[in-house]
Participant: 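Let me give you the structure first, and then I'll get to my questions.
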Amino acid sequence: MSEKITENDLILQRKTKLAELRSEGNAYPNDFRRDSLSEALHAQYGEFDNETFEANPKHVSVAGRIMLQRIMGKASFITLQDMDGQIQAYLRSNDLPEGQYENFKTWDLGDIAGISGKLFKTKTGELTIHADSVRLLTKSLRPLPEKHAGLVDTEQRYRKRYLDLLTNEDSLKVFKLRSQIIGEIRSFFGEQDYLEVETPMMHSVLGGAAAKPFTTHHNALDMDLYLRIAPELYLKRLVVGGLEKVFEINRNFRNEGLSTKHNPEFTMLEYYTAYADFEDQMIFIESLFKSVTERVLGSSVVETNDHKYDFSKPFKRLTLIGAVAEKLSVKEEDLRKREVLESLAKKSHLEDYKDLSEGRLLFELFEAEVEESLDQPTFITGYPKEISPLSRISDDDPDFVDRFELFIGGKEIANGFSELNDPEDQADRFKAQVEQKASGDEEAMEYDADYVEALEYGLPPCAGVGIGIDRLVMLLTGAPSIRDVLLFPQLKSKD
RNA sequence: GGGCCGUUAGCUCAGUCGGUAGAGCAGUUCGCUUUUAACGAAUUGGUCCUGCGUUCGAGUCGCAGACGGCCCA
């Protein structure tokens, strides 16, 4: 937390300048108002020539951070950066009020300034503000990273994201895109009459997913609570309550390892649709992905690095057992035999495979051997009942449930199923989870009696889906690590 | 948890065989009224991640640790 604050000459020089500013009045004014943003000016006036500007002068005020400066005696150019982009200003000693140019010469890269003046084009045709007034709005006490390379050190980019955003345009782009993606998802659901809700982040009963939780304590209630691992059971209570189309975009917390695909807190979209099943949801996801990519990227074809995904086409569909059979070159019917599963599990170095049920063995084989190879969008269906305690039993086979997971680029992107709305079956499944927990499965759920009671009032037939937003953003931006799409990824404290 | 790689000036990076720690940018000073990574000249700036060890001598070699990255389970 308290990384040692390093004082060096560069900072001391700037502090001396700040002291001078303080002695002249308020060093942190907040009465400058801009009327223009940089990119908007380029868009509106980029094609103008100086004749046009002379006939029809445009006076503008902009504000931003000084990123570059070119000082030539009694005239200078500076590059100002705002939320929109960058614009150049031309400061000429003779054209500024008494003393302003001399003050400007004491400013540093990274200082925040307000500039007013008329637009013109330089010799080389660059749109520039010919300043008639300049003001220092905020003194920067620390030097910015190197002006061309930007901030490169990965650790510093994560710990001091503000410097990364200021100096690395690509990084800023990723987070702008992330915001647009989430915005378009909201629009898509809104257009289809889904209601957006927020459900509790602090749960007294653990459920909704197989994961290890974070625990916390409420002092006034003297009660231990879990940070939620999933919002599922609350959202389905809302479906019982008549919110037949409902969604939530919010954080989940899982107390597990970190990797390029995992951060302890991550953003999940979950939605539920009454009178729909998992097959309907697969089609819905296809249209969601097509729509979001078209609206955000302008095309349903996403090309990043050496991968290409066309979201205008229906996704591939495979069964879990079929995918494992194909990958390991075994017959599907053999994958129903315990001895075959065990020998494959041994070959795949699965831990404690002798203690696992057949369904879990199959699932873990899939995770170990198949998942990573599913590059093109693929729905996997046919999940075993025992690893899906909230899913509806398949009408075709009582050992399996009506569930799918979506894989793209070797990563799990979505998980959905027809919901189990039989309260007696749900009670039995919770009991099985409690037994698994008792026998050492830290990821098993707890018995949620209140949820079973809600089901007893009647949950309409429905289906729900969870989509990992961070992984979706990785996919659409080509980011190789989840840390590149999280503004402040979890890192170890340096103390 | 294991393996590999990295950590040197504010930033980006060099650093030979173990022998006085370097460059570019930024900063400071001077010059320069259309520059664009502005330019020219001079110049300041170091806990070489931390600790211990080997050695006459360690940024460099060894051991332990911290943090980060990638890969594996």
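Only this structure's heavy atoms are used, side chains among them; waters, hydrogens and symmetry mates stay out. Chain naming here is simple, since letters A, B, ... match the order of the sequence lines and numbering starts at 1 in each.
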Participant: Using only atom types and a distance under 3.5 Å, with no angle test, would you say the side chain of A:Asn263 pairs donor to acceptor with the backbone of A:Gln490?
Facilitator: yes
Participant: Counting the atoms with a prime plus P, OP1 and OP2 as sugar-phosphate, which does A:Lys17 contact under 4.0 Å by heavy atoms, base, sugar-phosphate, or nothing?
Facilitator: sugar-phosphate
Participant: So what is the 5' to 3' dot-bracket string for RNA chain B, if pairs are Watson-Crick or G-U wobble with both distances under 3.5 Å, crossing pairs use [ ] and | means the partner sits on another strand?
Facilitator: (((((((..((((.....[..)))).(((((.......))))).....(((((..]....)))))))))))).
Participant: Among the candidates B:rU35, B:rG69, B:rG10, find the nucleotide nearest to the side-chain atoms of A:Phe77.
Facilitator: B:rU35
Participant: Closest-nucleotide mapping onto RNA chain B: is A:Leu68 or A:Val152 further toward the 5' terminus? I mean the 5' end.
Facilitator: A:Val152
Participant: Is the A:Phe120-A:Phe53 ring centre distance short of 6.0 angstrom?
Facilitator: no
Participant: Take the protein atom CG of A:Asp111 and the nucleotide atom C1' of B:rA26, then report the distance between them rounded to whole Å.
Facilitator: 13 Å
Participant: Please work out if A:Gln69 contacts a base, only the sugar-phosphate, or nothing of the nucleic acid, heavy-atom cut-off 4.0 Å.
Facilitator: sugar-phosphate
Participant: Looking at A:Lys261, is its backbone amide N or carbonyl O close enough to the side chain of A:Arg471 to form a donor-acceptor pair, meaning the two atoms are under 3.5 Å apart?
Facilitator: yes
Participant: Distance check, C1' atoms only: B:rU20 and B:rC63, in whole angstrom units.
Facilitator: 28 Å
Participant: Between B:rU28 and B:rG15, how far is it from one P atom to the other, in whole Å?
Facilitator: 31 Å
Participant: Rounded off to whole Å, could you give me the CD-to-P distance for the A:Glu146 and B:rG24 pair?
Facilitator: 12 Å
Participant: Need to verify one output field. Residue with the more 5' nearest nucleotide on RNA chain B, A:Arg70 or A:Ser348?
Facilitator: A:Arg70
Participant: Using modelled atom types only, decide if a donor and an acceptor are shared between the side chain of A:Arg254 and the backbone of A:Ile229 within a distance under 3.5 Å.
Facilitator: yes
Participant: Sort out for me which residue in A:Asp375, A:Thr293, A:Thr304 forms a side-chain hydrogen bond (donor to acceptor under 3.5 Å, both in side chains) with A:Tyr309.
Facilitator: A:Asp375
Participant: Using the P atom in both, what is the distance from B:rA23 to B:rG6, to the nearest Å?
Facilitator: 24 Å
Participant: Hey, is the side chain of A:Glu126 pairing donor to acceptor with the base of B:rU34 inside 3.5 Å?
Facilitator: no
Participant: Which one of A:Leu297, A:Ile182, A:Val473, A:Leu172 satisfies the side chain to side chain contact (heavy atoms under 4.5 Å, CB included) criterion with A:Leu177?
Facilitator: A:Leu297
Participant: Can you figure out which of B:rU34, B:rA26, B:rC70 approaches the side chain of A:Thr260 most closely?
Facilitator: B:rC70
Participant: Identify whether any heavy atom of A:Lys492 sits under 4.0 Å from a base atom; if not, whether one sits that close to sugar-phosphate; answer base, sugar-phosphate or nothing.
Facilitator: sugar-phosphate
Participant: Indicate yes or no for a side-chain donor-acceptor contact from A:Lys121 to the backbone of A:Phe48 under 3.5 Å, with no hydrogens or angles considered.
Facilitator: yes
Participant: What nucleotide among B:rU12, B:rU33, B:rC71 has an atom nearest to a side-chain atom of A:Asp153?
Facilitator: B:rU12
Participant: Would you say A:Glu446's side chain and A:Leu206's backbone share a donor-acceptor pair under 3.5 angstrom?
Facilitator: yes
Participant: Could you work out which one of B:rG27, B:rG69, B:rU35 sits closest to the side chain of A:Thr154?
Facilitator: B:rG69
Participant: Relative to A:Phe32, does A:Arg135 satisfy both conditions: NZ or CZ under 6.0 angstrom from the six-membered ring centre, and within 45 degrees of the ring's axis?
Facilitator: no
Participant: What integer distance in Å separates A:Arg142:CZ from B:rC11:P?
Facilitator: 10 Å
Participant: Among residues at least two apart in sequence or on other chains, which ones pass ring pair (Phe, Tyr, Trp, His ring centres under 6.0 Å) with A:Tyr447?
Facilitator: A:Phe430
Participant: Between the side chain of A:Glu232 and the main-chain N/O of A:Gly207, is any donor-acceptor distance below 3.5 Å?
Facilitator: no
Participant: Round to a whole Å and report the spacing from OH of A:Tyr90 to C1' of B:rA38.
Facilitator: 13 Å
Participant: Take the protein atom CD1 of A:Ile66 and the nucleotide atom C1' of B:rA38, then report the distance between them rounded to whole Å.
Facilitator: 16 Å
Participant: From NZ of A:Lys105 over to C1' of B:rG31, roughly how many Å is that when rounded to an integer?
Facilitator: 10 Å
Participant: What does A:Tyr101 touch in the nucleic acid at a heavy-atom separation under 4.0 angstrom: a base, only the sugar-phosphate, or nothing?
Facilitator: nothing
Participant: Grab the CD1-P distance between A:Ile129 and B:rU35 for me, whole Å please.
Facilitator: 19 Å
Participant: Here's a test for you: under salt bridge (charged side-chain N to carboxylate O under 4.0 Å, His left out), which of A:Lys354, A:Lys347, A:Arg360 qualifies with A:Glu342?
Facilitator: A:Lys354
Participant: Nearest to the side chain of A:Lys147 - B:rU12, B:rC67, B:rA38?
Facilitator: B:rA38
Participant: Any N or O donor-acceptor pair linking the side chain of A:Ser93 to the base of B:rU33 at under 3.5 Å?
Facilitator: no
Participant: Could you go through A:Phe366 and A:Phe407, starting from their C-alpha distance and side-chain angles, then the distance that decides it, and tell me whether this counts as ring-ring contact (aromatic ring centres under 6.0 Å, His included)?
Facilitator: CA-CA 12 Å; A:Phe366 170 81; A:Phe407 296 87; 5.2 Å; yes
Participant: In whole Å, what separates the P atom of B:rC25 from that of B:rU43?
Facilitator: 15 Å
Participant: Could you measure between the two P atoms, the one in B:rU8 and the one in B:rU12, and give it in whole Å?
Facilitator: 8 Å
Participant: Say whether, by atom type as modelled, one donor and one acceptor occur between the side chain of A:Asp153 and the main chain of A:Gln156 under 3.5 angstrom.
Facilitator: yes
Participant: I'd like a list of close polar pairs between nucleotides 42-44 of chain B and the protein, N/O only, cut-off under 3.5 Å.
Facilitator:
none

Participant: Compare every heavy atom of A:Arg14 with every heavy atom of A:Leu109, then report the nearest pair and how far apart it is.
Facilitator: O-NH2, 2.9 Å
Participant: Nearest to the A:Met72 side chain among B:rC67, B:rU33, B:rG27, which nucleotide is it?
Facilitator: B:rU33
Participant: Looking at every strand, decide which applies to A:Ile71 at a 4.0 Å heavy-atom threshold: base, sugar-phosphate, or nothing.
Facilitator: base
Participant: With no hydrogens and no angle check, is any side-chain donor or acceptor of A:Lys58 less than 3.5 Å from a backbone partner on A:Leu119?
Facilitator: no
Participant: With rounding to the closest Å, how many angstrom separate the C1' atoms on B:rC52 and B:rA66?
Facilitator: 15 Å
Participant: B:rU7 and B:rG59: how far apart are their C1' atoms, nearest whole angstrom?
Facilitator: 12 Å
Participant: Counting N and O atoms only, with roles assigned by atom type, does the side chain of A:His42 sit under 3.5 Å from a partner on the main chain of A:Gln86, one being a donor and the other an acceptor?
Facilitator: yes
Participant: Between A:Lys139 and A:Asp111, does at least one N-O distance fall below 4.0 Å, as a salt bridge requires?
Facilitator: yes
Participant: Using a strict heavy-atom distance below 4.0 Å, which residues from residues 78-87 of chain A are in contact with RNA chain B?
Facilitator: none
Participant: Give, ordered by number, those residues of residues 474-490 of chain A having at least one heavy-atom distance below 4.0 Å to an atom of RNA chain B; if nothing qualifies, reply none.
Facilitator: A:Ser481, A:Arg483
Participant: If we take the P atom in both B:rU60 and B:rC48, what is their distance in whole Å?
Facilitator: 10 Å
Participant: Let me know the distance between CD1 of A:Ile11 and P of B:rG10, rounded to the nearest Å.
Facilitator: 9 Å
Participant: Is A:Glu358 paired with A:Arg338 through a side-chain N to carboxylate O contact shorter than 4.0 Å?
Facilitator: yes
Participant: Sugar-phosphate atoms are those with a prime plus P, OP1 and OP2; base atoms are the rest. Using that split, label each nucleotide of nucleotides 3-9 of chain B B, S or - for protein heavy atoms under 4.0 Å, 5' to 3'.
Facilitator: -------
